[in-house]
Amino acid sequence: QVQLLESGGGLVQAGGSLRLSCAASGRAFSNYPTVGWFRQAPGKERDFVAAFRSNTDTTYYADSVKGRFTISRDNTKNTVYLQMNNLKPEDTAVYYCAASYSYTLGYTASSAYNYWGRGTQVTVSS
């Protein structure tokens with residue numbers, strides 16, 4: 001099975017940028033057709049942020065981050081990235097990456113993913 005490790009979180013002012021990384025070990029990301037990013041703010045549910053499907057080379061985004069965030073995947077480095085620009089205070093959350101064996105299940109549902117990282121904290125100050 002694969003182990004996922006997120007990094008790149010931190011404290012940033014509103015309008016700033018961060019790039020999150022999710023490194024896979026144990027098994028290559030190429031074995032998982034769908035990779036995604038989710039986030040969870042204190043007291044709230046874990047929400048879908050972005051996903052990438054390798055069988056169609058297609059990216060998907062939550063409406064709240066569309067145009068500001070970009071998901072990408074580098075199989076040579078076994079890493080998935082989430083570039084976050086024009087950050088807002090409401091983006092503050094723990095961000096998790098996830099990998100799924102499926103390319104047919106709904107990519108916005110956390111239940112569709114088989115493996116999760118432990119998360120990295122992103123805090124955006126106003």
Verify the distance criterion only: is there a donor paired with an acceptor across the side chains of Thr104 and Ser102 at less than 3.5 Å? yes
Do Phe69 and Ile71 make a side-chain contact, defined as non-hydrogen atoms from C-beta onward lying under 4.5 Å apart? no
If you round to the nearest 0.5 Å, how far is CG of Leu82 from CH2 of Trp37? 6.0 Å
Measure across Ser100 and Asn114 and return the closest heavy-atom pair with its distance rounded to 0.1 Å. CA-OD1, 3.3 Å
Using ring-ring contact (aromatic ring centres under 6.0 Å, His included) as the criterion, list what pairs up with Phe38, not counting sequence neighbours. Phe48, Tyr113, Trp116
Identify whether Val12 and Val49 are in the same connected component of the hydrophobic contact network (ILVMFWY, side-chain heavy atoms under 4.5 Å). yes
Got a sec, which pairs hit side chain to side chain donor-acceptor pair (under 3.5 Å) with one end in residues 75-90, sequence neighbours left out? Ser17-Asn85, Arg73-Asn75, Asp74-Thr76, Gln83-Asn85
Looking at Gly10, is its backbone amide N or carbonyl O close enough to the side chain of Gln121 to form a donor-acceptor pair, meaning the two atoms are under 3.5 Å apart? no
Is it true that the side chains of Thr34 and Arg53 contain a donor and an acceptor less than 3.5 Å apart? yes
Hydrophobic cluster identity match, Val2 and Leu5, side-chain contacts under 4.5 Å: no
Around atom OH of Tyr103, are there more than 12 heavy atoms of other residues, nucleotides or ligands at under 6.0 Å? no
Can you give me the closest heavy-atom contact between Ser126 and Ala14, atom names plus distance? CA-CB, 4.4 Å
When hydrophobic residues are tied together by side-chain contacts of less than 4.5 Å, even through go-betweens, does Val94 share a cluster with Leu4? no
With a 3.5 Å distance limit and no angle check, can you tell me whether Thr58 reaches the backbone of Thr56 through a side-chain donor-acceptor pair? yes
Do Arg27 and Tyr115 come within less than 4.5 Å of each other through their side chains, counting heavy atoms only? no
Geometric cation-pi criterion Arg39 and Tyr96, 6.0 Å radius, 45° cone: no
State the CD-CG distance between Gln1 and Asn31, to the nearest 0.5 angstrom. 12.5 Å
Cluster question for you: counting only ILVMFWY and a side-chain heavy-atom cut-off of under 4.5 Å, with indirect links fine, are Val35 and Tyr61 together? yes
Heavy-atom side-chain contact between Leu20 and Val122 under 4.5 Å: yes
Do Glu6 side-chain atoms and Gly119 backbone N/O form a donor-acceptor pair below 3.5 Å? yes
Side-chain heavy atoms under 4.5 angstrom apart, residues restricted to Ile, Leu, Val, Met, Phe, Trp, Tyr: same cluster for Phe52 and Tyr107? no
